[in-house]
Engineer: 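What follows is a structure written as structure tokens; I'll ask about it next.
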Amino acid sequence: PTKYIATPSRTGEILKKFHLDAKKSLGQNFLTEPQILQHMIDVAGVDQDTNAIEIGPGIGALTEFLAINAKEVLAFEIDQRLLPVLADTLAQYDNVTVKHQDILEADLNAEIAKMGPADKTVVVANLPYYITTPIIFNLLEASVQFDKFILMMQKEVAERLTAAPGSKAYGSLSVAIQYYCDAEIAFTVPRTVFNPQPNVDSAILALTKLDTPRIQVIDEAFFFRLVRASFKQRRKTLWNNLRAAFGKEEDTVEKMTAALDEAGLDPKQRAETLTIEDFGKLADALFQKEI
Ligand code: SAM
């Protein structure tokens, strides 16, 4: 193209032509820096044998880069107003399908089955920040074999998702992500490259889903319940959080004491010092005692 959609001037022209004002409630901040988009494409390893899924194409900034580099592109956009805009801005690309749908309601497996064959399927998106975590967990729980997720989000959230035990940002989300994936922050993005400018900086998170979860637990739902309960009150000890979650009866207290001992944990520890393996051992011990 003579001028990418993702340039400040072209974005300004498009917004003006369609009398569009960005909807804050839908997390609309349009990226206006082509180099960042190229960097996302490179990190995602998008090539002519790759199908790409995009969430929230907006006015098409990232979609255009995907169209140029990928085999096929399928983009989900919730805002009806953007459909005629995308039809116009992406008119020259014949490998893009835009679907007017809330990504949280999309049947990803069925939609992706409709795409042509490809060596790889990746998700590349500049996410609407108000639903970052539900989107990620929907993607991770879908049965589609995605090869990679390259997701732009609020920097602080990316830090939480990739945090290691002992750090301030470490919490139940970090454990949940580790359970499913290898995760790393690929690079950070300043707030100044968006129209309109958001109040926060952003980061690109690169996720690769593991073939099988990082640890094996007896009951997955119980494991996640335990992790959330353990972090419920961060300043409290593991013991106090467990008591709040499971109760204070003598029988329960005995089971908790024994389970902590079996897992090699000190009740005075705080959840933030536990590794995912520690949580796994504790969950299994508690589960087996039918707490
Ligand atoms: N991809 C564009 C870019 O990089 O400039 C726009 C990104 S903007 C941060 C987020 C986009 O997600 C907006 O276009 C917004 O309308 C869309 N969106 C918000 N909620 C959505 C949902 N539940 N399902 C699909 N798209 C959604």
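Keep in mind that what you see is a predicted model, and the values were worked out from it rather than measured. All ligand and atom numbering here is 1-based and tracks the order in the structure.
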Engineer: List in chain and number order the residues that pass salt bridge (charged side-chain N to carboxylate O under 4.0 Å, His left out) with E254, two or more places apart in sequence or in another chain; answer none if no residue qualifies.
Structural biologist: none
Engineer: May I ask you to test the R234-N241 pair for a side-chain heavy-atom distance under 4.5 Å?
Structural biologist: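 The answer is no; the side chains never approach within 4.5 Å.
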Engineer: When you measure from the side chain of N109 to the backbone N and O of V144, does any donor-acceptor pair fall under 3.5 Å?
Structural biologist: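 Present.
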Engineer: We want to know whether E64 and Y4 form a side-chain donor-acceptor pair, criterion being a heavy-atom distance below 3.5 angstrom.
Structural biologist: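 Not at all, the side chains of E64 and Y4 share no donor-acceptor pair under 3.5 Å.
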Engineer: Around ligand 1, what residues show up once you keep those with a heavy atom under 4.0 Å from it?
Structural biologist: L26, G27, Q28, N29, F30, L31, E54, G56, P57, G58, A61, F76, E77, I78, D79, L82, Q101, D102, I103, N126, L127, P128, Y130, I131
Engineer: List the residues meeting side chain to side chain donor-acceptor pair (under 3.5 Å) with Q197, not counting sequence neighbours, and say none if there are none.
Structural biologist: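 Scan of Q197 (side chain to side chain donor-acceptor pair (under 3.5 Å), adjacent residues dropped) gives none.
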Engineer: A259: which residues meet the side-chain contact (heavy atoms from CB on, under 4.5 Å) condition with it, sequence neighbours left out?
Structural biologist: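 Testing A259 for side-chain contact (heavy atoms from CB on, under 4.5 Å), a comparison that skips the adjacent residues, returns L282, A285, L286, K289.
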